[in-house]
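Report on the structure given below.
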Amino acid sequence: MDSGSGENAKKESEYIKVAVALVLVVLVVLGLVCYQDWEKEQYAYRVQVMHECAPKGELVFADDNGAPPISFVDHDGVYKGIMKDYMNEMAIELGVDIVEKPCDFDDALLALRNNQSDFCSMMINDERKEYLVFSDPIYTLRSVLVQKKSTNYQLKDLNGLRVATQQGDFANDYMKKHYPGAKLVYVSNIREALGLLTLGNVDMVVGDEPVISYYIEQSGLNESMYILGKALYEGQVCLGMPREKAAMVPYVNQAIANIKVKGQLQKIQQKWFGLSTPLMEDKSKEHAMEGFVMAGMVILVLFVLIHMYSLQKQVKLRTKDLEKALELAKKADQAKTVFLFNMSHDIRTPMNAILGYTDLLKDNLGNVEKSADYLAKIKESGDFLLTLINNVLEMARIESGHMTLDEVPCSLADIFASIGNIYAEMFRGKKIKVAKNLQFHSKYVYCDKLKITEIFVNLVSNALKYTPEGGTISVDVEEIPCDREGYTTIRAVIADTGIGMSEEFQQVLFEVFTRERNSAGNRIEGTGLGMPIVKKLVTLMGGTIEVKSKLGEGSAFTITISHRIAEDVVMEDKKETSQDLKVLQGRRILLAEDNDLNAEIAMEILKKYGLQVERAEDGAICVEMLKQHEDEYYDLILMDVQMPNMDGYTACRTIRELKDTAKSSIPVIAMTANAFAEDRENALAAGMNEHIAKPLDVEKILEILIKFLEKQ
């Protein structure tokens, strides 16, 4: 080959290299452009998903309030710990606010199950997989055993030993599976468990290593206790989320990966542990970014080839999501229309009766018999209207997630006895036969007395309403074994021989404003909200409700709810309030009420019992009237909450800050239409002594007035 041919070949080779380089550059540029487009689409889709999962721009993180230094509430009531700091980082990555809800770990799991929170840190087990989805691991945690230094137990000795463990903890399942002979003693937190170990009530305590180490150090137990060197197990801690929030799992995983890449978990650990690292970070994804950089060119070239296919697939998915969102919007709009229609109808019915009988009453004031009849019917319609309003408000509270349980030791036998007393006269009036079979082994259990009563009052009321004269209602309540240590399960069956329900109606029984459209049912007054409320309350308590019914033969409702047994509880007998009305004679009440009609009603009621009443039209006037008069001129203040110029809460706080102690300590009673449990708590927090809900219950008012005025 001559030199000319060699030169040509060499030039050809250089041209090919340049061409290949140009093609690669074009592919890289095209890949970057496509990647940016894809990234924008992903960001938009992430924003949409997070908006659906957190429509108010915030997510609720429920976590253990007694597991320092991982998560705990300090003596000042402030939530702190590793997970608190980690959630701050998570909020930045997800672009939403995260509201912490510290509680017992068992309650945190219940909040997830009831969709009252969005995630909680935990280990994965089969039971939790049934109702939760999980993120990638955040860190690996060791579970250890602690014992007194005077003993020398090993893992092989666990069968037969008494081991204290936190209720709901992953260790419980592990112990039952691997050491079935161990006697588990359930506690609320590790501090309580170590207390049992100190007293000798248990042989060992099992728990997370950082938490146990923290409590041993803080409690000065280093000299008397030690941690077994070999861990019981190691487990990966993830974020558990309700299955309904599965769409946000990929974005939570991305946030976890970003936090790891930035080294934030190590910084958080150093803050709480110093140089030691009891939490072992999961290493599975540490090198993902390095691999991406090294293989970047290849990925970009391949991305160009699959980008079109990916876009088409995303367009299809996006279209389906939009169609689904449109369908949900239509259903929501339809539900709102149905709600307003039913509300309008159900409110107009008693209002029409009240207005109609009021006109008839005016025309028959001279006829005592007719007037009494009309007044009774006006009262009946007013009671029904109040029930409807209360039910609507309660449904709204339940749906918004604001409903919580206030569990205290209660006697279920007393609760069912009081329900029976409520309806005894009505049973006799309709000649209803009542068959009761109440079997209780536990004297007291922890439960929300008001909500339990509401559940069974609704069921008994419905049975009475839909059972014709001469029928039978049976109430069978029994305790059955419960799988949870320290708990009992109550199964109650409320059955009747009434009109029954069709199979079709049973499918929608627990939907709001549903009432069966038959000739018998249409003649019976109802709100269509009672059974949905019962269903929601039972679910809130972690229980179940079942119904069996047949048209013309009656219905049977079965409620099953588990309650924690209240052991060694001494209940004080409620003393009957002395209705010695003499204590009210001549006492002066300052009534803060802006509504003229409400003020007139309250003043007439109070004057009837010998009280002197002076009225203030708002909170500011109330404070001034108190300041202008001499000490002890007023004996007590009845304070409305929602008033112009100065509301009741502000007025009460202003009174409590007065330098004159005789005036600043005057009893202040909230008398307001804000009738929920948190309204009472708000009143007490503002410095008020008691809370009375409107419409006014005369017996309740007298009881409270006597209670405070007797002390003066």
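Predicted model only: the values in this text are computed from it and were never measured.
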- Query: Are a donor atom and an acceptor atom from the side chains of Q167 and N172 found within less than 3.5 Å of each other?
  - Reply: no

T489 and E479: side-chain donor and acceptor closer than 3.5 Å?
no

Do D63 and S121 have a side chain donor and acceptor closer than 3.5 Å? yes

field: Exercise: do E217 and N222 side chains pair donor with acceptor under 3.5 Å
entry: yes

Those residues at least two apart in sequence (or on a different chain) that pass side-chain contact (heavy atoms from CB on, under 4.5 Å) with K627 are V623, E624, L658

Is the Y233-F170 ring centre distance short of 6.0 angstrom? yes

Check against side chain to side chain contact (heavy atoms under 4.5 Å, CB included), D97 and L59: CA-CA 6 Å; D97 292 333; L59 296 170; over 6 Å; no

Check: Is any side-chain N of the basic residue among E127 and R113 closer than 4.0 Å to the acidic one's carboxylate O?
Finding: yes

The side-chain hydrogen bond (donor to acceptor under 3.5 Å, both in side chains) partners of K129 (sequence neighbours excluded) come to none

Exercise. For T650, does its backbone N or O pair with a side-chain atom of D647 as donor and acceptor, under 3.5 Å?
Worked result: yes

inquiry  = Any salt bridge linking K271 with D85? Criterion: basic side-chain nitrogen under 4.0 Å from a carboxylate oxygen.
reply    = yes

- Stepwise side chain to side chain contact (heavy atoms under 4.5 Å, CB included) test for E407 and K449: CA-CA 7 Å; E407 296 187 322; K449 182 177 180 180; over 6 Å; no

By side-chain contact (heavy atoms from CB on, under 4.5 Å), A413 pairs with (sequence neighbours left out) S411, F440

Shortest non-hydrogen pair, A91 vs I98, comes out as N-CD1, 3.6 Å

